[in-house]
Amino acid sequence: MKENQKGRLWVDWLAYGAFMVIILLAYTSASRFITLVNRGGMLTFFVFLILFFNHVDWIQGLKNREKDLIICLITGILVIINMFLSKAGPGVIFDIANLLLLLYLADRIELDETGVWIITASFFLIFLFWIKADGSSYNANTITIIVFESAIISALGGASILSKWKKEWIACIYLVVAMVTVTWPIAKKFWGRTTLVAILIMLMFLFLIPKVVWSFRKLYYCLIGGIAVASLVIPAIFTYIYWSCIKQEVGFPDKLRIFGGREPVWLQYFEAWLKEPWTGIGNDFLGKIPNLRYNSIHNGLFHILVVYGVLVFLFTVFFLGKKLLKIKTETMSITKKIGFSIIIAMMCMAAMESYIVTSFSNVVFFFVLLIIFKEDREADNTSQLL
């Protein structure tokens, strides 16, 4: 039994290492980033598969009619059917498969201390690299998100490590210093508005919202549901106003230009999606939108809807919500509060970027969930001992 457990840990460590090698290479060179992000879905899919088979007896799970596994299976079948109907390439499978796999595995993998060290040390090295390096060769949004992610994951992982000695407060100080001295200045330099807003949201939830507030589960449900709805509805309203301006042949008001010109992009994808709402448009963006402005939809939930269609969207959003609502907010350690604040910030970022859904933000999202559920298990163990 112990040998099997040790073997499983080694596979986990190798998987975390593989994730981090890919991210280290992509997050420290713009040319490598372009090369790897184009293959990122496929590369990370194989690592997620390794973790899946290392932790899941899927045959027994199907025999037991395990609900989460069945949801993933049904959604996967729908994706494959839609792939043929929309004449998409096989690459369309990877992003949605990765999202489903990371959600399925997040509370099934027991992240150990070595795993936390692998993840934390790697992101800390990335953060140190960007203290002096020049990110101008990256897309402006990309470099600001990279620096933001390296700071938040190194802080979250650091808090998890320091919790052993009841010193998580050190990670809070590190996080604030990292944001003020490096992340915010870089985001401001490249005018990464998504990241600037995410920093403010994260720090607000971390320092201004008391722990006791989240013990009210209905409030937590409303927050998660509200962010999901707002991330679709608010951009939809602004896009409708933009469309109305075009029809009336008037200019789009400057005071409404808060989404950095994303309205015409969203309108293009929306009009393409209306032609095939059930199957989605697949991954041949240029084929479906010949005058395409950007090959990114710039909205995480909208990305799922447009690319994969209504049914896949509904199943995926349900599964995402189910997993997020599984987080226990009654007990909120400092580490968990950092992680929780990061989750809220990442969900808000998904309103302006294809975030959480695509590489490599999906892997970052996975690490945050792993650490949060690790805190849940440790809290349960402590309460059982008492």
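When reading the values below, keep in mind they use all heavy atoms of this one structure, side chains included, and skip hydrogens, waters and symmetry mates.
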### Electrostatic pair Glu263:Arg293 at N-O distance under 4.0 angstrom
no

### Query
Any ion pair linking Lys328 and Asp380 (charged N to carboxylate O, less than 4.0 Å)?
yes

Find out whether [X] and [Y] are in side-chain contact, i.e. whether some heavy atom of one side chain is under 4.5 Å from a heavy atom of the other.
X      : Y      : answer
Phe366 : Ile109 : yes
Glu110 : His55  : no
Asn362 : Ile356 : no
Val92  : Asn82  : no
Leu9   : Thr114 : no
Leu128 : Ile126 : no
Tyr294 : Gln268 : no
Ile77  : Ile81  : yes

[X]-[Y] co-clustered via ILVMFWY side chain contacts under 4.5 Å:
X      : Y      : answer
Val310 : Val79  : yes
Leu85  : Met83  : yes
Leu14  : Ile23  : no
Ile34  : Phe360 : no
Met179 : Tyr174 : yes

[X] vs [Y] aromatic rings, parallel, tilted or perpendicular, using cut-offs 30° and 60°?
X      : Y      : value
Phe19  : Phe367 : perpendicular
His303 : Tyr308 : tilted
Phe340 : Tyr220 : tilted

#### Entry: Steps toward side-chain contact (heavy atoms from CB on, under 4.5 Å) verdict (Ile338, Leu156)
CA-CA 6 Å; Ile338 294 172; Leu156 179 60; 4.0 Å; yes

With rounding to the nearest 0.5 angstrom, report the [atom1] to [atom2] distance, [X] to [Y].
X      : Y      : atom1 : atom2 : answer
Leu101 : Cys72  : CG    : SG    : 7.0 Å
Leu43  : Ile22  : CG    : CD1   : 5.0 Å
Ser160 : Ile372 : OG    : CD1   : 11.0 Å
Leu100 : Ile96  : CG    : CD1   : 5.0 Å
Lys336 : Ile342 : NZ    : CD1   : 14.0 Å
Glu66  : Gln60  : CD    : CD    : 10.0 Å

### Task
Kindly indicate, with the supporting measurements, whether the criterion ring pair (Phe, Tyr, Trp, His ring centres under 6.0 Å) is fulfilled by Phe302 and Tyr269.
CA-CA 9 Å; Phe302 191 43; Tyr269 282 105; 7.3 Å; no

Can any side-chain N or O of [X] pair as donor or acceptor with the backbone N or O of [Y] at less than 3.5 Å?
X      : Y      : result
Asn98  : Phe94  : yes
Arg8   : Asn54  : yes
Arg217 : Leu325 : yes
Thr331 : Ala379 : no

### Task
Go through Phe319 and Thr75 one step at a time and tell me if the side-chain contact (heavy atoms from CB on, under 4.5 Å) criterion holds.
CA-CA 10 Å; Phe319 195 36; Thr75 310; over 6 Å; no

### Task
Would you sort out whether Arg193 and Ile258 count as a side-chain contact (heavy atoms from CB on, under 4.5 Å), showing the intermediate values?
CA-CA 9 Å; Arg193 282 172 286 188; Ile258 63 173; over 6 Å; no

### Task
Might you work through the salt bridge (Lys or Arg N to Asp or Glu O under 4.0 Å) test for Asp107 and Lys326, ending with a clear yes or no?
CA-CA 9 Å; Asp107 60 338; Lys326 206 169 182 179; 2.7 Å; yes

Distance-only donor-acceptor check, side chains [X] and [Y], under 3.5 Å:
X      : Y      : value
Glu353 : Thr194 : yes
Glu330 : Ser215 : no
Asp95  : Thr358 : no
Thr195 : Thr144 : yes

Provide the closest heavy-atom pair for [X] versus [Y] in the form atom of the first, atom of the second, distance.
X      : Y      : value
Gly251 : Cys245 : O-SG, 3.9 Å
Ser231 : Leu301 : OG-CD1, 3.5 Å
Thr335 : Ser163 : OG1-CB, 4.1 Å
Ser341 : Met202 : CB-O, 3.5 Å
Ser361 : Ser354 : OG-O, 4.3 Å
Asn141 : Gly192 : OD1-CA, 4.0 Å

### Task
Output all residues satisfying side chain to side chain donor-acceptor pair (under 3.5 Å) with Arg32, sequence neighbours left out; order by chain, then residue number.
Thr28

Please check if atom [atom1] in [X] has more than 12 non-hydrogen atoms from other residues, nucleotides or ligands closer than 6.0 Å.
X      : atom1 : answer
Tyr240 : OH    : no
Phe53  : CZ    : yes
Tyr221 : OH    : yes
Phe270 : CZ    : no

### Task
Before giving the answer on ring pair (Phe, Tyr, Trp, His ring centres under 6.0 Å), spell out for Trp266 and Phe259 the whole-Å C-alpha distance, their side-chain angles and the decisive distance to 0.1 Å.
CA-CA 11 Å; Trp266 290 329; Phe259 287 106; 5.2 Å; yes

### Query
Step by step, would you call Lys323 with Asp68 a salt bridge (Lys or Arg N to Asp or Glu O under 4.0 Å)?
CA-CA 10 Å; Lys323 194 64 62 167; Asp68 285 0; 3.6 Å; yes

Would you say the ring centroid of [X] lies under 6.0 angstrom from that of [Y]?
X      : Y      : value
Tyr16  : Trp13  : no
Phe129 : Tyr27  : no
Phe127 : Phe148 : no

### Message
Show, in sequence, the C-alpha distance, side-chain angles and deciding distance for Phe313 and Trp278, and conclude whether the ring pair (Phe, Tyr, Trp, His ring centres under 6.0 Å) test is met.
### Response
CA-CA 10 Å; Phe313 171 79; Trp278 294 102; over 10 Å; no

### Among Val317, Thr279, Leu305, Leu78, the one residue meeting side-chain contact (heavy atoms from CB on, under 4.5 Å) with Val312
Leu78

